[in-house]
Amino acid sequence: MHSFELIEHTADVRLYIKAESLPELFKVALEGMNELIAPGQPTSISPALKEELCIDSPDITALLIDFMNEVLAFTHIHNALFSCVTFDNFSPTKLSGYVEGCSIDQFEEDIKAVTYHEAQIVHNDAGFYETMIVFDI
Amino acid sequence: MLDRSCLIKISDVVWEIPKKYREGMNVPARVYATEKMLNEVFNDRSLDQLTNVAMLPGILGNALAMPDAHEGYGFPIGGVAATQYPGGIISPGGIGYDINCGVRLLRSDMSIEQVRPHLASLCREMFHWIPSGVGRGGKLQLEISELDKVLSQGAGWMLENDYALAEDIPHIESHGCLENADPTCVSDLAKKRGHNQLGTIGAGNHFAEVDYVDNLFDEKAAQAFGLKKDQVVILIHTGSRGLGHQVATDHIRLMMKAMPDYGINLPDRELAGVPFSSPEGQNYFNAMAAAANFAWANRQMITWEMRQAWQRVFGDDSPLHLVYDVAHNIAKIEEHEVDGHKQKVIMHRKGATRAFGPGHPELADAYREIGQPVLIPGSMGTASYVLAGTNEGMKESFGSCCHGAGRRLSRKAARQEVHGKTLRDELLASGIHVQTGSVSGLAEEAPQAYKDVDEVVQVVHDAGIAKIVARLRPCAVIKG
């Protein structure tokens, strides 16, 4: 089970995410970001674009934010939504793999960056990994 | 948690959080606000964030929050801090992701009565000439080698390529170019994000707007700025687009890895900072300057597009002159008086406008006696202001003042309170034409979502850090 929720912020937008595993948490983070960028866009369309990922960061929280920022950059460069991620390797400080997506006609929200502000991945008492993420809009 | 009892009243519009409030604060923090405005400031965490800023290694004077301050990440938006040069730290969190987001004011020689019958067609021409919204590229599609020249030269590249007039350049902060810019410090991802974005507004709270001068408060300063009652002017608000966002993202990531090497531990990751003179600090400073130059080139290209739109409606004999262009997200080396001594400092302004007082050598001849024009955009449907920098501001706020009205409602709350199409109809009924690519995005920027800009500028005026010169009223707006 995994889920995300978009939450209010004075100037920007917060995203709360939770999942049973860390790779799932990364996938739900991407899902939540895409829902903000282009709400309701279908995710089952054939992927036409592919970008490689190879990221290392000081800790798991930084790895999540760095991963999201990298996909955000691809999103803006290609005017595309990357909805499918495959991890070849995944550790708390390093990941590799690729994202796949396809072009979209219109963005609903212009995310400037995914920030480290308020982000802290924790493993809660119910057995889920969770964190808050703040986007700079 | 900070509350009203933690603040010491310095004057009716200046409040201090003393250094002893929190262990680790290196300097006091000061807030510019009326007592009434303070209540809103306590609704979010902007003052807690300001006390984090006061903990920066090498910070000088006071950590400052302007009256439009609201919660950000790292610094509050509306935050100002000077750190020691060259021994202090540089913090991308004190500049923001939209490097050199800023405002530019153009003046026409026409009155609102002359322009009003043509507003609908002017608005359409502007929407045609000035790309806005997410994903819309501009007229210029630059190869990386040419983009590197833009990053080095800023507005100067636009002059070389006939997108600027020679008279524009002295009327831009830093003449539209920071000389330490180094394109090799800007990543390929950043260049890919920016290569087709020159001359584009983007989305969010960015806009190009037709206004008229509704009231003059200081005739002498207005005359120096070329402003008169009922004159039509143009405001442009945008920044360094995806290129600047990526520069900030890249270097915050690098700094977070490097901070432990320098023994720096800060209460918020977004305050990420390293010694200014370290390799990471210099790389960021030079990349930030390149992004700042990109932003000045962007606003210059939009000026060229605006001039095309204007000429299509009013002909070649009706020029648009640049009054001024100011940055409100930037770091620069400036000279200020600290503890009675003039010294160079690393100035961080995040959602705060430079406001140099009379006599500053960087000011254009026409403005040197008056002070720098300070441009404060309000929200759609309300008002914007032109102010002038003061010598008191040079002493009290490192020559800085507010940058806008400041948000008070979240985007979601604004959408719940306001319907975009209704807002557009209401604005039109009050004489304000709007062209936008996103009606729901329009609701997010409704006047209700912002603080009262009249109150914000009155605070900086009463504090003496800038003086009110003119009030502008909008009559046509284009947004992404």
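In what follows, chains carry the letters A, B, and so on, assigned in the order in which the sequence lines appear, proteins first and then strands, with residues in each chain numbered from 1.
- Separation of atoms CD1 (Ile252(B)) and OG1 (Thr115(A)) is listed at 8.5 Å; rounding is to 0.5 Å.
- Only the side chain of Gln49(B) comes within contact range of chain A, with at least one heavy atom under 4.5 Å from a heavy atom of that chain.
- Of the two parts of Ile111(A), only the backbone, made up of N, CA, C and O, holds a non-hydrogen atom closer than 4.5 Å to a non-hydrogen atom of chain B.
- Within the model, atoms CG of Asp110(A) and CD1 of Ile201(B) stand 12.5 Å from one another, a figure rounded to the nearest 0.5 Å.
- Going from atom CD of Gln246(B) over to atom NE2 of His76(A) covers 9.0 Å, rounded to the nearest 0.5 Å.
- For Pro92(A), the side chain to side chain contact (heavy atoms under 4.5 Å, CB included) partners at least two apart in sequence or on another chain are Ile60(A).
- Chosen from Arg241(B), His195(B), Lys192(B), Met256(B), the residue pairing most often with chain A at heavy-atom distances under 4.5 Å is Met256(B).
- Within 6.0 Å of CG on Asn265(B) lie no more than 12 heavy atoms contributed by other residues, nucleotides or ligands.
- Taking each heavy atom of His117(A) and Glu270(B) in turn, the nearest pair found is N-CG, 3.4 Å.
- Heavy-atom pairs under 4.5 Å with chain A were tallied for Asp250(B), Asn43(B), Leu189(B); the largest tally goes to Leu189(B).
- With values rounded to the nearest 0.5 angstrom, Lys412(B) atom NZ is found 8.0 Å from Leu6(A) atom CG.
- Heavy atoms closer than 4.5 Å to chain B are found in both the backbone and the side chain of Asp136(A).
- Partner of Lys257(B) under the salt bridge (Lys or Arg N to Asp or Glu O under 4.0 Å) criterion, out of Asp59(A), Asp66(A), Asp56(A): Asp56(A) alone.
- A salt bridge links Glu71(B) to Arg14(A): one of the charged nitrogens lies within less than 4.0 Å of a carboxylate oxygen.
- Here Leu271(B) contributes atom CG and Tyr116(A) contributes atom OH; the two are 14.0 Å apart, rounded to the nearest 0.5 Å.
- Atom CD1 of Ile65(A) sits about 11.5 Å away from atom CZ of Arg253(B), to the nearest 0.5 Å.
- Atom CG of Asn124(A) is surrounded by more than 12 heavy atoms from other residues, nucleotides or ligands within 6.0 Å.
- Atom NE2 of His78(A) is surrounded by more than 12 heavy atoms from other residues, nucleotides or ligands within 6.0 Å.
- For Gln106(A), the part lying under 4.5 angstrom from a heavy atom of chain B is the side chain only.
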